[in-house]
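Reading through the structure tokens given below for one structure.
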Amino acid sequence: MRLAVAQIVSSADLTANLELVREYATRAKDAGAELVVFPEASMCAFGNPLADIAEPLDGPWAAAVRAIAAELDIAVVVGMFTPGEGGRVRNTLLVTGPGLETSYDKIHLFDAFGYAESDSVDAGTSPVTFELNGTTIGLATCYDVRFPALFTANARASAAINIVCASWGAGEGKAEQWDLLVRARAVDSTTFVVACGQGDPASLGLPSAGAAPTGIGHSAVISPLGSPLVMLGGEPELAVVDIDPAIIADVRGKLPVLANARSF
């Protein structure tokens, strides 16, 4: 499977962000990718009033992404915000493409490092996987990467790949934690981990948004044994990589952590 990681820097401008989706999806398709993964909050960057811009999955922003995916004949995973309860939103990953349609709402909300995502966001409740060309793929969002059980649950549901879309918060040691966590989750679950983060706004000369997690870059694709296949820096970039999901059975034969695991 050839897939692309689109490390963009989104803004408060939904139309401009949609143009980034079109640009990077087109570049991914031109490079032969079957799937292009965008970060969390691609629809609108954190640090903005999310309830003002949230739209349902049949709203105009999602419909435009759907049209791009259909036009290009490529699968797209992209972060957006959908309406929640009582003025809150849901932090949603839209998955769309020819014959493909599903979504995932972020389960673990980022109430850490001085930020309270739960003040404005409703949590999802269920893991989600989807199938692309015979390969099962699991979904996760940002803070979810600190919780191994989600990744192993996706693996037990036959996922060979786990996608993590993020807008990682900056701070001391945070980049090192991100790098450690995405590699650990690959080994925990013996899956490929495709970790796509927002690029660092500072790389474009943009000011910080206070405590809001607006991204540090460091997107990566990790093998099921924890080896980096792709590792990006902070600036916006498109990375294209070929992976072979067929190796998962062999890896799990050598390292049967899923079969050997015990619950306590």
Side-chain angles (χ1 to χ4, degrees), residues 1-7 28 31-40 74-78 93-104 106-108 124 126-142 144-166 178-197 218-232 238-263:
M1 175 182 291
R2 176 166 291 183
L3 57 86
V5 175
Q7 181 170 284
E34 303 168 55
L35 167 67
V36 58
V37 180
F38 289 89
E40 174 188 28
I74 192 171
V76 174
V77 178
V78 65
L93 296 180
L94 169 67
V95 182
T96 190
L100 179 61
E101 187 72 26
T102 192
S103 64
Y104 166 74
K106 184 179 183 181
I107 293 172
H108 302 97
S126 301
V128 174
T129 62
F130 66 95
E131 188 172 305
L132 178 65
N133 298 333
T135 297
T136 301
I137 302 173
L139 295 167
T141 303
C142 206
D144 282 335
V145 78
R146 295 185 182 273
F147 301 90
L150 176 60
F151 290 74
T152 55
N154 289 340
R156 293 184 189 283
S158 300
I161 300 168
N162 271 301
I163 289 172
V164 189
C165 301
W178 167 256
D179 293 340
L180 171 67
L181 289 162
V182 297
R183 294 178 71 177
R185 294 300 81 85
V187 178
D188 292 339
S189 59
T190 48
T191 62
F192 289 95
V193 167
V194 178
C196 181
H218 289 256
S219 298
V221 179
I222 309 296
S223 83
L225 291 174
S227 299
L229 305 178
V230 168
M231 295 189 80
L232 302 185
L238 181 78
V240 179
V241 62
D242 292 316
I243 64 173
D244 183 6
I247 73 168
I248 294 295
D250 182 59
V251 169
R252 290 179 181 168
K254 295 174 180 175
L255 182 64
V257 290
L258 296 173
N260 294 344
R262 299 292 181 266
S263 298

So, for [X] and [Y], which heavy atoms are closest and what is the spacing to 0.1 Å?
X: T136; Y: S158; answer: CB-O, 3.3 Å
X: V257; Y: V187; answer: CG2-O, 3.8 Å
X: E34; Y: I74; answer: O-CG1, 3.5 Å
X: K106; Y: E40; answer: NZ-OE2, 3.3 Å
X: P39; Y: A6; answer: CD-O, 3.3 Å
X: C142; Y: V164; answer: N-CG1, 3.8 Å

Give a yes or no answer on whether the side chain of [X] reaches the backbone of [Y] with a donor-acceptor pair at less than 3.5 Å.
X: R2; Y: A31; answer: yes
X: T96; Y: V76; answer: no
X: R156; Y: L258; answer: yes

Next on the checklist: Among L35, L3, N162, which residue satisfies the side chain to side chain contact (heavy atoms under 4.5 Å, CB included) criterion with I137?
Outcome noted: L35
Next on the checklist: Name the residue from V95, L139, L93 that meets the side chain to side chain contact (heavy atoms under 4.5 Å, CB included) definition with V128.
Outcome noted: L139
Side chains of residues 245-252: which donor-acceptor pairs under 3.5 Å do they make with residues two or more places apart or in other chains?
| unit_1 | atom_1 | unit_2 | atom_2 | d |
| --- | --- | --- | --- | --- |
| D250 | OD2 | K254 | NZ | 3.2 |
| R252 | NE | T190 | O | 3.3 |
| R252 | NE | T190 | OG1 | 3.0 |
| R252 | NH2 | A159 | O | 3.1 |
| R252 | NH2 | S189 | O | 3.3 |
| R252 | NH2 | T190 | O | 3.2 |

Checklist entry - Do F151 and D188 have side-chain heavy atoms sitting under 4.5 Å apart? => result no
What's the separation between atom [atom1] in [X] and atom [atom2] in [Y], rounded to the nearest 0.5 Å?
X: N154; Y: I161; atom1: CG; atom2: CD1; value: 12.0 Å
X: H218; Y: W178; atom1: NE2; atom2: CH2; value: 10.5 Å
X: I163; Y: T129; atom1: CD1; atom2: OG1; value: 11.0 Å
X: M231; Y: D179; atom1: CE; atom2: CG; value: 4.0 Å
X: D244; Y: F192; atom1: CG; atom2: CZ; value: 6.5 Å
X: T191; Y: I243; atom1: OG1; atom2: CD1; value: 9.5 Å

Item to check | side-chain contact (heavy atoms from CB on, under 4.5 Å) evaluation trace for D144 with Y104 | outcome: CA-CA 12 Å; D144 282 335; Y104 166 74; 2.6 Å; yes
Item to check | Worked verdict on F147 versus I107 for side-chain contact (heavy atoms from CB on, under 4.5 Å) | outcome: CA-CA 10 Å; F147 301 90; I107 293 172; over 6 Å; no
Item to check | Intermediate values then yes/no, side-chain contact (heavy atoms from CB on, under 4.5 Å), V5 and V230 | outcome: CA-CA 9 Å; V5 175; V230 168; 5.8 Å; no
Next on the checklist: Determine whether L94 and E101 satisfy the following criterion, side-chain contact (heavy atoms from CB on, under 4.5 Å), listing intermediate values before the conclusion.
Outcome noted: CA-CA 8 Å; L94 169 67; E101 187 72 26; 3.5 Å; yes
